[in-house]
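Notes follow once the structure below has been shown.
Each chain gets a letter, A, B and so on, in the order its sequence line appears, and its residues count up from 1.
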Amino acid sequence: MDAPILSISGLRAVFRIPGRDIAAVQDVDLVIGSGETVALVGESGSGKSVTSLSIIGLLPKKIGRIAEGSIALRRRDGTVTELTGLDPESLRKVRGNDIGMVFQEPMTSLNPVYSIGEQIAEPIRIHLGKSHRDAATDAVRLLAQVGIPDPDRRARQYPHELSGGMRQRATIAMALSCDPTLLIADEPTTALDVTIQAQILDLLAALQAQRGMGILFVTHNLGVVAEIADRVAVMYAGRIVESGPVSEVFTRPRHPYTAGLMRSVPRLGQATTLKAAGTPLPTIAGNVPSLALLPKGCSFAPRCALAVDACRTAVPPLFAATSTQQSRCLRWEDL
Amino acid sequence: MRIKTIARHLTVAGLLLGGQATSVQAQDAKTITGGFDVGPGGFPKNFNPLAATGGFTWLSTYFEPLVIYNAELTELEGDLAKDYKVSDDQLTYTFNLAQETWHDGKPFTSKDVKFTLELARNKASGSLFAARLGDIASVDAPDGRTVVVKLSKPNGSFLSILSQVMILPEHALAAMPPETLATSTWWSTTPVGTGPFTFKRYVSDQYVELAADDDYRGGKPKVDVLINRYFESPAAAVAALRAGEIQFTYVEPDDAVSFKGDSNFKVIEGASYVVNYIGLNQKVELFRDVRVRQAIMYAIDRNAIIESLYGGAAKPANCGYVAPHLLPQGLEPYAYDPAKAKALLAEAGWDKINGDKPITLLTYYGSPQAANVMAAIQSMLAEVGINVVPRVVDTPTYNGIVYKEGTPDWNAFAMVYAGLQNGPNPAGISPGLNKSQIPPAGFNTMRIEFDDLSAALDAALAQTDPVKIDQSWQQVCKVMNKDLPWATLWVANRYGVASSKLRDFVWTPAPAGGPYAAHPERWDIQ
Amino acid sequence: MTITAPDPKIDPTVVPTAGPQTKGPLRRALDRFFENRAARAGLLIVVPILLAVSTYSLWWPFSPNAIDLRAINKGPSAIHWLGSDGVGRDVMARLLQGGRISLLVAVCSVAISIVIGFLVGAVASFGGRLVDGTVMRFVDLAMTLPPVIFLLVLASIAGTGIAPTILVISLLSWPVLSRMVRARLLELRERDFVVAARGMGAGLPHLLFRHGLPNCIDILVVYATLQIANAILLEAGLSFLGLGIAPPQASWGNMLNLARSTVVLEQYPWQWMFPGAVLVLTVLAINFIGDGLRDAFDPRSDLN
Amino acid sequence: MDAPFLSVRNLTKHFAPTAFSRGPAVRALQDISFDIARGQVVGLVGESGSGKTTIGRSVLRLIEPTSGEIRFDGVDITSLSAGPLARQRRKMQYIFQDPFASLSPRMTIGQILTEGLDIQGIGNRRERRARAEKALAAVELPVDAYDRYAHEFSGGQRQRIGIARALTLEPEFIVADEPVSALDVSIQAQIINLLRDLQVRLGLTMLFISHDLAVVEYICDTVIVLYLGRIMEVAPAAALYARPQHPYTRALLSAIPSLDPLARQGRQVLKGDIPSPANPPTGCVFRTRCPVALDACAGVVPPLRATSDGHLKACIRDDIA
Amino acid sequence: MLVALSVLIFILLRLAPGDPIDAYINPSSPMSASDLEVLRDRLGLDQPLPVQYLAWLRAALGGDFGYSIQRGGVAVLPLVMERIGPTALLMGTALAIAIVLGISAGIFSAVRRNALPDIALSVVSFVGISSPAFLTALLGLYFFSVLLRWAPSGGMQTAGAPFSVSDVLAHLVLPACLLSIGHAALIMRYMRASLLEVLNQDYVRTARAKGVREFWVIIKHATRNALLPVITLIGSTVGIAIGGAIFLESVFNWPGMGLLLVNAVGTRDYPVIMGATLVIGICVILVNLLTDIVYAVVDPRIQVS
């Protein structure tokens, strides 16, 4: 069996604020096999984007850095490279080459002053050393692959001339231009309309089936996770609180936070019944805590109906609920 | 590099638009370059001598008048007129013309003189001499070398005026209607004169280039090229002089000091023939009281100012004149006496009539030295309780304020710090003091209406007896000294600095630039 | 369509649910301002200058306009720390008095131009298309006009001296501000909280002074500081052209003007070097402060 | 029932092109008509460019409609002059999508909450404060929020403040423009519960705008589905979710990802992009993406017609109901 | 716009004390008053203002801008036109220097934000912004021309010498460099701020995520976007530059528009002032147009219609 595409262990990323470091992400372990889609899910501030930026080494230089942990990537040639501690130049050669990345806002993540084709061709020239002309041909081919009609013309157009969905297809083409082993998609559908989101999700699934790359899919939308992911890791306040195959986690969450989230998501057709019954929608009480003011012990304890005193003394370890599912809850068995 | 190319294109474009003609010139041509139009005597970029109010130093290098002052400005001598005769009744002037050819080779004759004088008297030509030559009754050219001018009444200033009338070529200008002369390009492109140098070209706002006129009657000029460069300020000219780019310029007195003792330069010093005064507006009640005027005279330590700010290079004036032959005996010297000034003011009831209300002291003098003088005067007057507020404006603004007809805001120029030409022709101060010259008729901007002073001036102007003339002007001086129409200050020297490479170079800080007999044909450079 | 909470990748502090701090945006901006080294340096320069300039008559023996014809053009000495000028006035006293005038002119002209600039910009942005078009055309016109002419005419009409100079400088500098204010308010007009105010029936004065003004405060403050620096330079330039503050009255501008004379430039450098140095230093410091304020008011500077 | 509380008739809004782009006018709304009865909550659902916010703002006349009539409690809003309009506005309030943009960063919560009272000249200082504190309590925020600034609150809390602001004027009608779409999932439900609770308790009439059909289900009595400035379908909430009749509504429902990982299959994915409102298709605006479009769809704009009681659709095909 | 400008200037000119005739009078050697009256008549200055303006406008629309009052025989139009070249040359060179220096220093400073080179450059640029133009001009003139004699003290060509490009360049270098100081400093500040902002943009992160070398991230992806506001700034400073050029042109006696205008204003040469102002107005409008075009070239989102 091949080594996994990506293997993160013990990752801790910190931000420097005046006076001290605060951990945006800690104790993160994550493995992605080839052809596998792993969803990293969480609310704003949970650390999911920090995790994805840590992998490609793009934490804001001035304030963010990886404090400890290891990130190992299997590259296209089969070698495994440890990304933490890699020198900037070597890391650059990995980015856009072995790892492709798709960001949330397709409008702002494309450079407004260069044509789509040029932007897709750029990594091909940089990493594969192809000529301008060959790279341009490749770009058109990639545009066709991501389902953009009339790719020749589109390649010559500028981002503002494309619709939101088209632009996101273009960024996917750009991320895939060097045939990466890992695709990181950071909220790629959040800015899109639902009908377009459905298209993009289908596209990603189809591309993965073709190419077999691993996908790290970062999102806050549980529905999307259910759609696309094989496995899911739920983050809360910088830690993974639960992980496992989507089918297991979604059918039987082993962490109260996951369970709460699942309940909060409106399900079509059910709300009418609740309303008729006069019951409010299920929620999670309280607010997401500030990373700077994390409570001692389990971060979720203040909002948790199941919390006991032990929860407030120490951060619970990850318990293996099943062979594939883990939960960071002392009372996982009670769920 | 693209930038270089752009720069070159811009250069070429700039020059094409600038309309420069390239000229090939002998590399070893002897050239004198100067700032001949810098300073108060200049009138840069005016090429039409009929419309000139200054700049004659330069104009007279290629045009010539009939008569001209000597370089000391003491006497008039012949120029294009070899000599001249004045009839006893002072009404007939006979000029005997010199042999000369115009720069274009045509002979100079009496017809040119007749043509010029008639043109200068013709208002339509835009001539600024029309009124001043109004006394001419007739101009005759009995033969090619003689011109006879008859006046309708005697005019003691006539020759002095004539010295600024540059003789123009009839053959070149007769064909042009006089109305078009003022806007003709002839003056700045192909003017033809009789002087030692011929006009070559004018590079807009940069310089004028003249070449030697080989058959000049005073001999072939020693230098081949004479260039007049334009400068925005005396300071810029000084910079060019120090950088060795020009050999001569007028300099401010302050700057002159720094050239003294420098063997590379020669400082030329001369009387300015301009008397500086503090004008006291007679429409302002305060200054109608002679005690106030006297107090101002006593309050200003003129000697101290002359010593410190002029380096001693000025003569205190107790009337409009400082030339010894115009000064009568027994003038009140108004020596510095602040106590007396205070007493006089107290007597006049100054505290009641004005007190420490600010009084505007207007001037058009913008030089650093003038600023210092104003500051000193302000401080000295403050000492005796007169609060003056200096205001410096440019010349047109000054004139716009003081010449305004009707009833302008008198307090806007209650006091002025100004100067007026007092020589070489002593009649120069009359327009500023005579009651007949109150604007709009003339230039008596302080609205001085002193009967005895006007009488004295009129008498002196009408004086045709050469023997009594000085005496008449002494009388004017005496009245001025007593009545104090102005608080007279001093006549300062002006300075030019020439490179010590220049030989036989003559320059005089004449009012309006002269003209005077500078003999440019003799100038030479090592 | 969806707008997410502040970018968690950059802002780790998320949003405190509770906590002791109740600092307003102004206070936070000031805090950031004082963290800025350059701005602090600017204050360290400006404050002593301001102090010296405003109090000098209490502790400096010489008066700025007292002449001493026996001691002209003397270099720095124990008596005249910065030397004396062409009529023996004390350069130090003139420098301080000049600072008073220059700063007074700058501050007043900026205040006036802020009022004009804000009102014009506000009227343009809230007044509807037609008003906007007309007003902005007028602003364009004012900006196309060569400043020399404008200066000359204004200065000639108004005369020289403090009040006219203030007038000239303020009339010359408001168009830039009104453009900035207009741009800001046009954007602000579409902001939700302004729409909300309109939805509650707010009229023009309410919108302008309750929302427009507070939300332009950063522009105004930054403009004010930078324009004070500019106004000092402009006053100097005016004096250079013989307008501005008339000579015996000291200002940094007309003191610098002495350098036009080669003799002074070369032989009496203390007469222009000190005013020049203080002017550059002050303007520099004010620019530092202005830059610091700009950073402090920039909402994105919360990131650091 | 008597005359509807809010009645919109033939509302049309065209945005003129800006000064520099000389393109065609953007047809944001075409011929929109609907009613809201007192105490009812109507949901307005559509994707970007469908014109939902334009309707919401036009109803309060924060945008001047190009044509059409809006009657609010019998008063024609579109023809009111500034004074009466300002008075009318205390009865109708707006809640915004972005909890960060909708609160002035330079005002304290107290200033924000009393601003409307201030503008309307209601009460004195103390009374205003009392009313603001009452509103804070209504949205379950502590009273000490009064002197704080908006930046000190989380998104959910800010949205509560936005709601409190709308409540201080004690309006009868509220437009809630995507009030939860900027919030985290766990917070969304809190806010919807709050709004529902307030609506019931205060008897508010509400127009609830959202791009997400799943969100409006709980709170709305009736749902209007918009596409490219036109109404596609109107139905009581229960009916719409149970039996969507318009192909667009069906596609929209189908596109919402289900939490059930096993339900991945059978999802209907619409082809292509949403056309530009500046250049909408002829006939039925949805026909370019409609899986069941006919040639006839291009010819005529399908009228909104009733298929059953209170259920209307704008589609010429009857065979897909 | 231009007509409005001309009306405004016409009125302003007439409001200023002193007319062309007053400029003729040398207060220390006055001429005959009636001679001056002649001039006044000839120039039509005694006519009512609207009549004077309409006469001017009618002639100007026919392409006749009249004759300079103070320079005998010089028509305004050619006089003004021949100044465009030198001014364009001086300002063009100065701006070119300023743009190259300012932009590169701005990039450098932004990339090394808050490091020593950035602070040093910031101080230098602030000193540049903070120095009065006339002071730098005077000092530059004194040191480089008078003391060191590296460059001529003024003018555009050596007087009397035949024309040569190198001669013009020699005269150009010093004033152009001095003129560029302030602009370079300003451009640098803007470039730095703009680039810092752009470096926070998502597409810069995208470029890094693509593995683009940091150098090219800055140069290719960030700089071009950061240039946009700087282009606007440069466009709007050209108008101001004409103002600044006045100091330089008068100190260095550069025969350009500024010098002409200062002279004309000093002598109340109404026709020249009108002509020059209009030409400057046209230039400012053209420069704005040019700015828009350059903007459109750099930013594909803008279309020139």
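At a 4.5 Å heavy-atom cutoff, the contact between D/Tyr241 and chain A is made by side-chain atoms alone. With a 4.5 angstrom heavy-atom cutoff, D/Ile192 touches chain A only via side-chain atoms. With a threshold of 4.5 angstrom between heavy atoms, D/Leu240 does not approach chain A through any atom at all. Neither the backbone nor the side chain of A/Ala205 comes within less than 4.5 Å of any heavy atom in chain D. With a 4.5 angstrom heavy-atom cutoff, A/Arg267 touches chain D via backbone and side-chain atoms both. Neither the backbone nor the side chain of D/Ala242 has a heavy atom closer than 4.5 Å to any heavy atom of chain A. Only the backbone of A/Pro282 comes within less than 4.5 Å of a heavy atom in chain D; its side chain stays farther off.
For A/Arg231, the CZ atom is densely surrounded, since the number of other residues' heavy atoms within 6.0 Å is greater than 12. Atom CZ of A/Arg252 has 12 or fewer neighbouring heavy atoms from other residues, nucleotides or ligands inside a 6.0 Å radius. Few gaps surround CG on A/Asp150; more than 12 heavy atoms of other groups in view lie less than 6.0 Å from it.
Taking every heavy atom of both residues into account, D/Gly272 and A/Gln199 meet most closely at O-NE2, 2.8 Å. Taking both residues in full, the closest heavy atoms of A/Gln197 and D/Pro257 are given as NE2-CG, 3.3 Å, listed atom of the first, atom of the second, then distance. For the pair D/Glu217 and A/Ala271, the tightest heavy-atom approach, listed with the atom from each and the gap, is OE2-N, 3.4 Å. Nearest approach of D/Ser258 to A/Ala226, heavy atoms of both residues: O-CB, 3.1 Å. Closest non-hydrogen pair, A/Ala198 versus D/Ala255, comes out as CB-CB, 4.3 Å.
Side-chain contact check for D/Arg289 versus A/Thr195: some heavy-atom pair is nearer than 4.5 Å. For the pair A/Val194/D/His211, no side-chain contact is recorded, criterion being any heavy-atom separation below 4.5 Å from C-beta on. Side-chain atoms of D/Leu253 and A/Leu268, non-hydrogen and from C-beta on, do get closer than 4.5 Å to each other.
The distance from the CG atom of D/Asn193 to the OG1 atom of A/Thr279 is 10.0 Å, given to the nearest 0.5 Å. With values rounded to the nearest 0.5 angstrom, D/Ile191 atom CD1 is found 12.0 Å from A/Leu281 atom CG. Residue A/Ile196 holds its CD1 atom at 6.5 Å from CD of D/Glu47, rounded to the nearest 0.5 Å. Interatomic distance, CG of D/Leu194 versus OG1 of A/Thr283, reported as 11.0 Å (0.5 Å rounding). How far SG of D/Cys220 is from NZ of A/Lys275: 6.5 Å, rounded to the nearest 0.5 Å. Expressed to the nearest 0.5 Å, how far CD1 of A/Ile284 lies from CD of D/Gln190 amounts to 8.5 Å.
Among D/Gly156, D/Ala238, D/Ala189, the residue making the largest number of heavy-atom pairs under 4.5 Å with chain A is D/Ala189. Residue with the most contacts toward chain D among A/Gly286, A/Gly164, A/Pro149: A/Gly286 (heavy-atom pairs, distance under 4.5 Å).
The one candidate from A/Asn221, A/Val41, A/Val265, A/Leu222 that meets the side-chain contact (heavy atoms from CB on, under 4.5 Å) condition with D/Val185 is A/Val265. Just one residue in the list A/Asp202, A/Leu201, A/Ile200 forms a side-chain contact (heavy atoms from CB on, under 4.5 Å) with D/Val269, and that residue is A/Asp202.
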